[in-house]
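This report concerns only the one structure given below.
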Amino acid sequence: MDLKIACDNRTEQVSVPEKNLLGVLQPNRFETPFCDINSAISKAAQEAKNFIADSHRILVLLNDYTRPTPNEPILKLLEEELNKRDTKYLICLGTHRQAKEEELKNIIGEEILERIKGRIIQHDCRDRPSLYFLGKTRFGTEVELNRALIWAERIITINSIEPHYFAGYTGGRKCFIPGIAGIKTIAQNHNLLLHPASAPFSLKENPVHLDMTEAARMVPKPVFSIQLVQDSKHNLLSVHCGDLFTSFEKACLDAYKVFAVPLKEKADIILSVLQTPYTINFYQSQRAVEFAIPALKPNGIQITVSPCYDGVGNDDFVIVLQSCSTPDELLNMKPPEVLGWHKAARLARIMQKAQLYTVMPGVKDDLIKSVFMHPFSSIQAALDSALEKLGKNATIYIITDAGSLVPVVT
């Protein structure tokens with residue numbers, strides 16, 4: 001069977017034995033949103049205006065360029081009121097590099113960006129003077145957040161909700177950790193991720209989520225939250241607003257309907273094809289691995305396809321993996337408070353039961369090999385190698401938008 005497999009703007013013709021193919025998994029489709037979107041946005045904007053009514057110093061928290069959050073329609077409705085006050089816009093970068101001009105346009109909207117450019121703060125997790133210590137969680141995480149929180153009288157957050165491979169979901173409390181946290185805080189929180197409950201869609205006993213939530217409750221100023229759920233084409237499906245924690249929980253219920261794809265069986269091989277914005281670098285591409293694993297048989301092969309336009313991205317996890325001779329060696333280490341260990345440890349644990357292949361033109365083969373993965377120049381070459389290794393009867397799933405669905409085996 002010949003299939004055209006598209007990754008961003010590049011397409012490859014791939015031959016897949018029909019008898020091996022269990023299915024081509026695609027994101028769930030919804031003909032209509034879960035609510036009247038225009039009314040929901042207007043309601044959220046009005047409630048936000050009421051929230052800031054008697055306040056002068058307003059801080060707006062916005063997702064960074066790795067999250068496709070549709071901020072512009074909401075910011076347009078709020079702009080007049082925000083301009084009457086001393087308003088700052090804080091980009092929740094976590095450990096990511098600063099946003100480029102084009103990325104800021106995508107985050108904020110080109111017209112609004114020109115008008116507010118001088119009021120934008122790009123968070124820097126390594127800038128100690130910009131951080132403020134709020135306390136320690138019961139998990140031992142020392143919570144240092146951007147001190148703009150202390151400057152502000154009121155805080156507005158706008159987040160998009162998608163599955164997250166160890167926090168359960170993005171959004172909500174995540175705008176504080178890792179969004180505007182110090183690097184030590186992020187490392188301490190993320191080092192909780194080897195717990196079995198630290199997984200996509202998992203919140204109840206997930207220590208990463210619980211730790212983030214406890215930290216978010218330390219924020220000493222009132223917070224108004226706007227939580228958005230989109231489909232894989234970035235069409236807005238629902239809007240929840242108000243209390244940070246309640247709006248997040250409601251949005252997560254919608255996000256599960258969007259991103260969870262039920263399956264009856266696992267496969268020997270999973271081909272995971274990423275799409276924008278998750279194709280930016282090697283660091284972001286790990287989500288393809290994590291989201292595929294629930295549907296992969298033990299000792300199977302997972303193949304990630306991503307251009308990685310920006311190369312590796314944050315390379316801390318690469319350095320950690322390169323410091324070990326085997327994945328097992330890394331997992332036998334005492335977790336250091338070093339950013340990158342968490343991602344490296346997750347990958348190492350996956351490598352104990354699966355082989356990871358890559359088709360990533362933007363990352364050098366030698367680097368891929370140095371972190372115990374197997375690079376290929378084309379999708380066809382990777383598939384052929386996987387079938388040769390696992391045998392002519394090996395079963396295959398193809399995931400066409402690997403950042404926008406998580407298979408759930410029922």
Side-chain angles (χ1 to χ4, degrees), residues 8-9 33 35-53 55-94 96-124 146 148-149 151-162 170-171 175 179-180 223-241 247 251 275-280 309-310:
D8 285 352
N9 296 322
C35 64
D36 183 328
I37 293 298
N38 290 333
S39 295
I41 290 177
S42 297
K43 175 179 178 288
Q46 185 57 54
E47 290 190 19
K49 291 175 186 178
N50 296 339
F51 171 77
I52 63 174
S55 304
H56 181 63
R57 296 186 307 278
I58 310 299
L59 183 65
V60 180
L61 302 185
L62 299 172
N63 283 349
D64 70 7
Y65 47 85
T66 66
R67 306 282 177 221
T69 310
N71 299 303
E72 187 175 10
I74 296 168
L75 293 177
K76 280 183 176 178
L77 293 176
L78 292 177
E79 188 179 11
E80 183 178 350
E81 286 297 319
L82 293 175
N83 285 345
K84 294 176 183 176
R85 296 162 172 80
D86 186 3
T87 301
K88 294 180 181 178
Y89 299 81
L90 179 55
I91 309 299
C92 303
L93 288 165
H96 302 153
R97 61 161 174 77
Q98 297 228 325
K100 300 174 183 177
E101 181 80 8
E102 283 302 311
E103 291 164 340
L104 285 173
K105 290 178 183 177
N106 291 333
I107 294 169
I108 295 167
E110 188 168 0
E111 290 182 15
I112 299 176
L113 178 62
E114 288 303 312
R115 295 191 287 268
I116 69 169
K117 193 173 287 186
R119 291 179 278 159
I120 295 172
I121 304 169
Q122 299 215 42
H123 176 67
D124 182 351
N146 194 297
L149 293 180
W151 164 87
E153 293 176 82
R154 297 278 167 128
I155 299 163
I156 297 173
T157 76
I158 306 175
N159 303 121
S160 56
I161 308 291
E162 302 103 24
T170 63
C175 62
I180 59 169
V223 177
F224 183 82
S225 164
I226 302 174
Q227 304 293 320
L228 309 172
V229 178
Q230 305 167 89
D231 66 16
S232 62
K233 301 297 183 184
H234 306 158
N235 298 309
L236 198 50
L237 294 176
S238 74
V239 180
H240 295 277
C241 67
S247 60
Q275 309 295 340
T276 300
Y278 308 117
T279 53
I280 187 170
Y309 302 110
D310 262 10

Open item on the list: Could you check whether Glu101 pairs with Lys117 (Lys NZ or Arg NE/NH1/NH2 to Asp/Glu carboxylate O, under 4.0 Å)?
Closed with: yes
Task: Between Asn106 and Glu102: side-chain donor-acceptor atoms closer than 3.5 Å - done: no
- [ ] Without swapping roles, check the side chain of Glu79 against the backbone of Arg115 for a donor-acceptor pair under 3.5 Å.
- [x] no
- [ ] Using side chain to side chain contact (heavy atoms under 4.5 Å, CB included) as the criterion, point out the one residue from Ile158, Thr170, Leu228, Thr69 that pairs with Asn63.
- [x] Thr69
TODO: Could you walk me through whether Tyr65 and His96 pass the side-chain contact (heavy atoms from CB on, under 4.5 Å) test, one step at a time?
DONE: CA-CA 9 Å; Tyr65 47 85; His96 302 153; 3.3 Å; yes
Open item on the list: Restricting to ring-ring contact (aromatic ring centres under 6.0 Å, His included), what partner residues turn up for Phe224, sequence neighbours left out?
Closed with: Phe51
Task: Reported CD1-to-CD distance for the pair Ile116 and Glu111, which is rounded to 0.5 angstrom - done: 12.5 Å
Open item on the list: Does Leu62 form a side-chain contact (heavy atoms from CB on, under 4.5 Å) with Ile120? I'd like the steps, not just the answer.
Closed with: CA-CA 10 Å; Leu62 299 172; Ile120 295 172; over 6 Å; no
Task: N/O donor-acceptor pair under 3.5 Å between Asn71 side chain and Ile107 backbone - done: yes
Task: Any donor-acceptor N/O pair, Ser247 side chain to His240 backbone, under 3.5 Å - done: no
Open item on the list: For the backbone of Ala152 and the side chain of Lys88, can you confirm whether one donor and one acceptor N or O come within less than 3.5 Å of each other?
Closed with: no
Open item on the list: For a side-chain contact (heavy atoms from CB on, under 4.5 Å) check, start with the C-alpha distance between Ile280 and Glu103, then their side-chain angles and the critical distance, and finish with the verdict.
Closed with: CA-CA 12 Å; Ile280 187 170; Glu103 291 164 340; 4.1 Å; yes
Open item on the list: Quick check for you: to the nearest 0.5 Å, what is the distance between Ile37 atom CD1 and Asn235 atom CG?
Closed with: 9.5 Å
Task: Sidechain-backbone polar pair: Glu153 side chain, Arg57 backbone, donor-acceptor under 3.5 Å - done: yes
Open item on the list: As an exercise, state the distance from CG of Asn159 to SG of Cys175, rounded to the nearest 0.5 Å.
Closed with: 4.5 Å
- [ ] Kindly determine whether Gln230 and Leu237 satisfy side-chain contact (heavy atoms from CB on, under 4.5 Å), including the steps that lead there.
- [x] CA-CA 5 Å; Gln230 305 167 89; Leu237 294 176; 5.8 Å; no
- [ ] Check whether any side-chain N or O of Gln122 sits under 3.5 Å from a backbone N or O of Ala99 as a donor-acceptor pair, and report yes or no.
- [x] yes
Open item on the list: Please report the interatomic distance CD1(Ile180) to CG(Leu93), rounded to the nearest 0.5 Å.
Closed with: 11.0 Å
Open item on the list: Is it true that Thr66 and Asp64 share a donor-acceptor pair across their side chains at a distance under 3.5 Å?
Closed with: yes
Task: Side-chain donor/acceptor of Thr87 to backbone N/O of Asn83, under 3.5 Å - done: no
Task: With sequence neighbours excluded, residues passing salt bridge (Lys or Arg N to Asp or Glu O under 4.0 Å) with Glu81 - done: Lys84, Arg85
Open item on the list: How long is the straight-line distance from CG of Leu113 back to CD1 of Ile108, given to the nearest 0.5 Å?
Closed with: 5.0 Å
Open item on the list: Give me the atom names and distance for the closest heavy-atom approach of Ile52 to Leu82.
Closed with: CD1-CD2, 3.9 Å
- [ ] List the atom of Ile161, the atom of Ala251, and the distance in Å for their closest heavy-atom pair.
- [x] CG1-CB, 3.6 Å
Open item on the list: Can you tell me how far apart OH (Tyr89) and CG (Leu75) are? Round to the nearest 0.5 Å.
Closed with: 6.0 Å
Task: Backbone N/O of Cys35 and side chain of Ser238: donor-acceptor pair under 3.5 Å - done: no
